[in-house]
Visitor: 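Just dropping this structure here.
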Amino acid sequence: MNLNLDTSFEEKKFKILPYLIPTIFIITVIFTSFIIHQPGEIDVIFYYNAGNEILHGDPSNVYISNAGIGWPVTLAFFTDYVGDLFTVSKSISLIFSALTIFITFFLIKNILGTNISALIGQSLLAINPFLHLDAIILNNEMIPLFFIFLAAYVLSKKDSTKKYLLIGLCLGISFWFRYQSLFILFGIVIYFLLSNQIIRITTKKIFIISLVFLLVISPMLLYNYS
């Protein structure tokens, strides 16, 4: 009887903790971000003005040298409805940093196969000061980071055509915000090439991911070209 109760308690604990850790992170960062931290970053204003020009002005006047148009357009779109740029940018960073911590548990669990290792990895990420910094300051790191982690999580799942479609989709969305996600795509391609699989199957996987990735980023490439 006691053994059954202990087993039931352990199962409930591992069902609750993956949600509890991101919740504690959210509460902590909300207090730090909205009460203690006073926004002083000017980059977010530049990105907002660029996004506002793309949505409501003349897109040909916009030039962003170090990032895609995803972050400017996202800021401008939601600020139109919320009305406060800093609230929008802080909220986006907070939400996607918490989602990154949440998905980390399931990513590590799929790779290592144990709940303990997954909880340790999730906890280490949740207390990482660099993640806290990116969740507080007003930048565009959290959205592309989340979609990279999501792509890695999907990669750790069982093989299916849908799996490779989702990987290409996630990396394509990430590319809209940060071009560095292209290196993640290269890494996945190299992983497939080095894995002991039939060449035909490997080629099919790479083709699906690359095709979806190119389809997702093609509007931005056409915009940049024009």
Side-chain angles (χ1 to χ4, degrees), residues 10-30 32-33 67-68 70-71 74 78 88-189 191-192 205 208-209 212-213 216-217:
E10 289 294 323
E11 291 177 353
K12 289 181 179 179
K13 180 174 68 174
F14 286 118
K15 288 181 179 179
I16 295 174
L17 285 178
Y19 299 89
L20 182 61
I21 293 174
T23 302
I24 295 174
F25 173 84
I26 288 176
I27 294 172
T28 303
V29 175
I30 283 178
T32 306
S33 184
W71 182 237
T74 300
F78 285 104
V88 168
S89 56
K90 283 175 177 285
S91 298
I92 291 174
S93 295
L94 173 61
I95 291 170
F96 281 92
S97 58
L99 288 174
T100 301
I101 293 173
F102 176 72
I103 201 69
T104 299
F105 173 86
F106 301 97
L107 169 61
I108 298 175
K109 182 180 178 181
N110 285 347
I111 295 174
L112 300 180
T114 62
N115 288 320
I116 293 295
S117 300
L119 283 174
I120 292 174
Q122 187 187 47
S123 301
L124 290 175
L125 182 63
I127 63 175
N128 189 302
F130 295 103
L131 183 72
H132 281 258
L133 179 63
D134 283 328
I136 293 170
I137 63 176
L138 312 177
N139 62 22
N140 64 339
E141 303 292 342
M142 288 297 100
I143 296 180
L145 183 65
F146 166 72
F147 281 104
I148 289 173
F149 270 65
L150 185 59
Y153 165 72
V154 175
L155 183 62
S156 69
K157 302 281 285 183
K158 294 181 179 179
D159 273 358
S160 67
T161 302
K162 183 180 179 180
K163 165 182 173 176
Y164 301 109
L165 291 172
L166 290 175
I167 292 173
L169 175 64
C170 290
L171 293 179
I173 295 174
S174 180
F175 187 85
W176 274 73
F177 295 83
R178 281 290 185 178
Y179 298 143
Q180 287 85 346
S181 60
L182 183 62
F183 295 108
I184 306 298
L185 176 62
F186 289 155
I188 293 176
V189 170
Y191 165 75
F192 285 144
K205 294 176 181 178
I208 292 174
I209 294 176
V212 175
F213 178 81
V216 173
I217 70 173

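By convention here, the first residue in the shown sequence is residue 1. Source: prediction; values computed, not measured.
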Visitor: Please report the closest heavy-atom contact between A126 and I21, naming both atoms and the distance.
Guide: CB-CG2, 3.7 Å
Visitor: Below 4.5 Å, heavy atoms only, C-beta onward: do V189 and I209 meet side chain to side chain?
Guide: no
Visitor: Give the minimum heavy-atom separation between L125 and I101, together with the two atoms involved.
Guide: CD2-CA, 4.0 Å
Visitor: Can you name the nearest heavy-atom pair linking L150 to C170, along with the distance?
Guide: CD2-SG, 3.6 Å
Visitor: For the atom pair CZ (F186) and OG (S181), what is the distance rounded to the nearest 0.5 Å?
Guide: 10.0 Å
Visitor: Around F106, counting heavy atoms of other residues, nucleotides and ligands shown, do more than 12 lie under 6.0 Å from its CZ?
Guide: yes
Visitor: So, the side chain of S93 versus the backbone of K90: is there a donor-acceptor pair under 3.5 Å, distance only?
Guide: no
Visitor: Heavy atoms, side chains only, cut-off 4.5 Å: are Q122 and P22 in contact?
Guide: yes
Visitor: Could you pull out the closest heavy-atom pair between S174 and F147, with the gap in Å?
Guide: CB-CB, 4.0 Å
Visitor: Do W176 and V216 have side chains that get closer than 4.5 Å, going by heavy atoms?
Guide: yes
Visitor: Can you find a heavy atom in the side chain of L182 that is under 4.5 Å from one in the side chain of F175?
Guide: yes
Visitor: Atom CD1 of I184 and atom CD1 of I167: how far apart are they, to the nearest 0.5 Å?
Guide: 12.0 Å
Visitor: List the steps, then state whether side chain to side chain contact (heavy atoms under 4.5 Å, CB included) holds for F105 with N115.
Guide: CA-CA 8 Å; F105 173 86; N115 288 320; 3.7 Å; yes
Visitor: Kindly compute the distance separating CD1 (I143) from CZ (F177), expressed to the nearest 0.5 Å.
Guide: 4.0 Å
Visitor: Heavy-atom distance under 4.5 Å between the side chains of N128 and L124, does that happen here?
Guide: no
Visitor: Within a strict 4.5 Å, meaning less than it, do heavy atoms of the S89 and W71 side chains meet?
Guide: yes
Visitor: Looking at CD1 of I148 and CZ of F183, how far apart are the two atoms once the value is rounded to the nearest 0.5 Å?
Guide: 11.0 Å
Visitor: As a quick check of understanding, evaluate side chain to side chain contact (heavy atoms under 4.5 Å, CB included) for L145 and F96, giving each step before the final call.
Guide: CA-CA 8 Å; L145 183 65; F96 281 92; over 6 Å; no
Visitor: So which atom in L107 and which in S156 form the shortest heavy-atom distance, rounded to 0.1 Å?
Guide: CD1-OG, 4.1 Å
Visitor: Are the side chain of K163 and the backbone N or O of K157 linked by a donor-acceptor pair below 3.5 Å?
Guide: yes
Visitor: For residues A98 and I26, report the shortest heavy-atom separation together with the two atoms involved.
Guide: CB-CG1, 3.4 Å
Visitor: Please round to the nearest 0.5 Å and tell me the distance separating atom CG of L166 and atom CD1 of I208.
Guide: 11.0 Å
Visitor: Using side-chain heavy atoms (C-beta onward) and a distance below 4.5 Å, is F213 in contact with I188?
Guide: no
Visitor: What distance separates F25 CZ from F102 CZ, expressed to the nearest 0.5 Å?
Guide: 14.5 Å
Visitor: A side-chain contact here means heavy atoms from C-beta on lying under 4.5 Å apart; do F192 and L155 qualify?
Guide: yes
